[in-house]
Amino acid sequence: MQLIEEESSEIASSNRGPGRYAVFGQPIAHSLSPRIHAAFARQLSIAHDYRPIEASTEEFVGALAAFAESGGVGANVTLPLKQHAARLCLSISETARRADSVNTLVRRGEGWHGESTDGAGLIRDITGRQRLYVRGRRTLLLGAGGAARAVAFALLDAGIGELTIANRTAERADALADAIGQPERVHTRYWTDLGQWGGFDLVVNATSAGHANMSLALPTSLLASRAICYDLSYGKASFGFLAWARSAGAGHALDGLGMLVEQAAEAFEIWHGKRPETDAIYAELRAYLPGDAED
Ligand code: NAP
């Protein structure tokens, strides 16, 4: 049976100390997470052996078991494994349960505890690093996959106004709206009808279309004046959406690099009980990534 817990500090304190950490996904070779975690470990003088492990959905159970066997005590999980990770956990935080997505695993006794830090990472980036407010913003969420689920709840918790969800596969948008269960505040729209809607103050692209170099074909009428447009992806995958945002008159066109760094900091704190400072590694990665990815 899977237990649901919201508080992670006790779990963190019981897992502190040396041990192995990893990020699982496929593909994983180009993940920035090892670089981010190495910087956090140096900054806080914490021993933190963190490596990428390539695993398909079929391989994940075995790879995670082998990792635990070899001293693994914590892991991040990325595409396409976040929902699989949620199923494998013995206990799971309320945040991860709502998102049906686990991106941070903590070894606890003979099993894994699951957390989701993506939503907190997004909100920290927008409100902390970018110093923008989300409260009351009429928000359009594009996508209904694992990341969209995580950020939908986080945005609502952060006080956005109405949330409209549009997804290529309409049923998944409906399922997310049903899971949220706030019909007076959360609506779904068919992607093909987006041209009829407009005036959004915040548009969050949580699709993976940019990774496949596919255009979202969005109407410019979607945006209210000075709207924030945020793509969860970063680097080249975000260029198409950010170019559209600028051409549609967005006040801010932001990629997901800051979210990546902030969700990693959340995970690091869960594992080690200390929160790293994120500005230096964010600046380093911003300089390293191809340009044109932030306003
Ligand atoms: P996912 O579960 O595979 O979901 C993918 C979503 O994209 C689905 O809603 C899918 O729609 C939609 N989609 C894919 N191709 C599309 C297209 N051509 N046109 C329209 N919609 C399309 O992936 P995920 O884990 O949610 O990740 C989504 C994005 O967020 C990725 O770019 C990922 O890199 C990024 N992300 C960033 C961070 C960060 O820290 N910055 C963290 C997590 C995720 P269907 O349902 O119709 O298939």
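One-based numbering, in listed order, for ligands and for the atoms of each.
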Out of all atoms in ligand 1, which are within 4.0 Å of some heavy atom of [X]? Include the element for each.
| X | value |
| --- | --- |
| G143 | 9 (O) |
| G146 | 2 (O), 26 (O) |
| M214 | 18 (N) |
| R172 | 8 (C), 45 (P), 46 (O), 48 (O) |
| L216 | 19 (N), 20 (C) |
| A147 | 24 (P), 25 (O), 26 (O), 27 (O), 30 (O), 43 (C), 44 (C) |
| Q263 | 40 (O) |
| T169 | 45 (P), 46 (O), 47 (O) |

Return the closest protein heavy atom for [atom] as residue, atom name and distance.
| atom | answer |
| --- | --- |
| atom 33 (C) of ligand 1 | H211 NE2, 4.0 Å |
| atom 35 (C) of ligand 1 | L232 CB, 3.9 Å |
| atom 14 (C) of ligand 1 | S208 OG, 3.4 Å |
| atom 25 (O) of ligand 1 | L79 CD2, 3.5 Å |
| atom 43 (C) of ligand 1 | K82 NZ, 3.2 Å |
| atom 16 (C) of ligand 1 | R168 NH1, 3.3 Å |

Exercise. Check the surroundings of atom CZ in R51: do more than 12 heavy atoms from other residues, nucleotides or ligands lie under 6.0 Å from it?
Key: no
Exercise. Would you indicate whether W197, at its atom CH2, is surrounded by more than 12 heavy atoms from other residues, nucleotides or ligands within a distance under 6.0 Å?
Key: no
Quiz item: At the 4.0 Å heavy-atom cut-off, does A237 count as touching ligand 1?
Solution: no
Quiz item: Quick one: does G121 get a heavy atom under 4.0 Å from ligand 1?
Solution: no
Just so I know, are the side chains of [X] and [Y] near enough to count as touching, which here means a heavy-atom distance under 4.5 Å?
| X | Y | value |
| --- | --- | --- |
| T164 | T139 | no |
| V23 | T78 | yes |
| H252 | L132 | yes |
| F241 | L142 | yes |

Practice problem: Would you please classify the geometry between the H272 ring and the Y21 ring as parallel, tilted or perpendicular, with 30° and 60° separating the classes? | Solution: tilted
Exercise. Please work out which of the three classes, parallel, tilted or perpendicular, describes the rings of H48 and W271, given edges at 30° and 60°.
Key: tilted
Exercise. Say whether A206, considering both its backbone and side-chain N or O atoms, lies within less than 3.5 Å of an N or O atom on ligand 1.
Key: no
Quiz item: Does any N or O atom in W191 lie less than 3.5 angstrom from one in ligand 1, N or O only?
Solution: no
Self-check item: Residue from V203, L155, D201 passing side chain to side chain contact (heavy atoms under 4.5 Å, CB included) with R137
Solution: D201
Self-check item: Spatial distance of atom CD1 (I53) from atom CG (N76) [nearest 0.5 Å]
Solution: 11.5 Å
Quiz item: Would E115 and R97 count as a salt bridge (charged side-chain N to carboxylate O under 4.0 Å, His left out) if you check the C-alpha gap in whole Å, the side-chain angles of each, and the deciding distance to 0.1 Å?
Solution: CA-CA 8 Å; E115 300 268 350; R97 184 199 61 77; over 6 Å; no
Practice problem: Would you kindly check if the NZ (Lys) or CZ (Arg) of R129 is within the cone defined by 45 degrees around the ring axis of Y282 and under 6.0 Å from the six-membered ring centre? | Solution: yes
Self-check item: Mode of L142 contact toward ligand 1 - side chain, backbone, both, neither (heavy atoms, under 4.0 Å)
Solution: neither
Self-check item: Heavy-atom nearest option to atom 10 (C) of ligand 1, drawn from N167, L257, T207, D231
Solution: N167
Practice problem: Going by heavy-atom distance to atom 1 (P) of ligand 1, choose the closest among A166, S215, G145. | Solution: G145
Quiz item: So R149 and D118, salt bridge (charged side-chain N to carboxylate O under 4.0 Å, His left out) or not? Walk me through it.
Solution: CA-CA 10 Å; R149 290 184 71 97; D118 284 334; over 6 Å; no
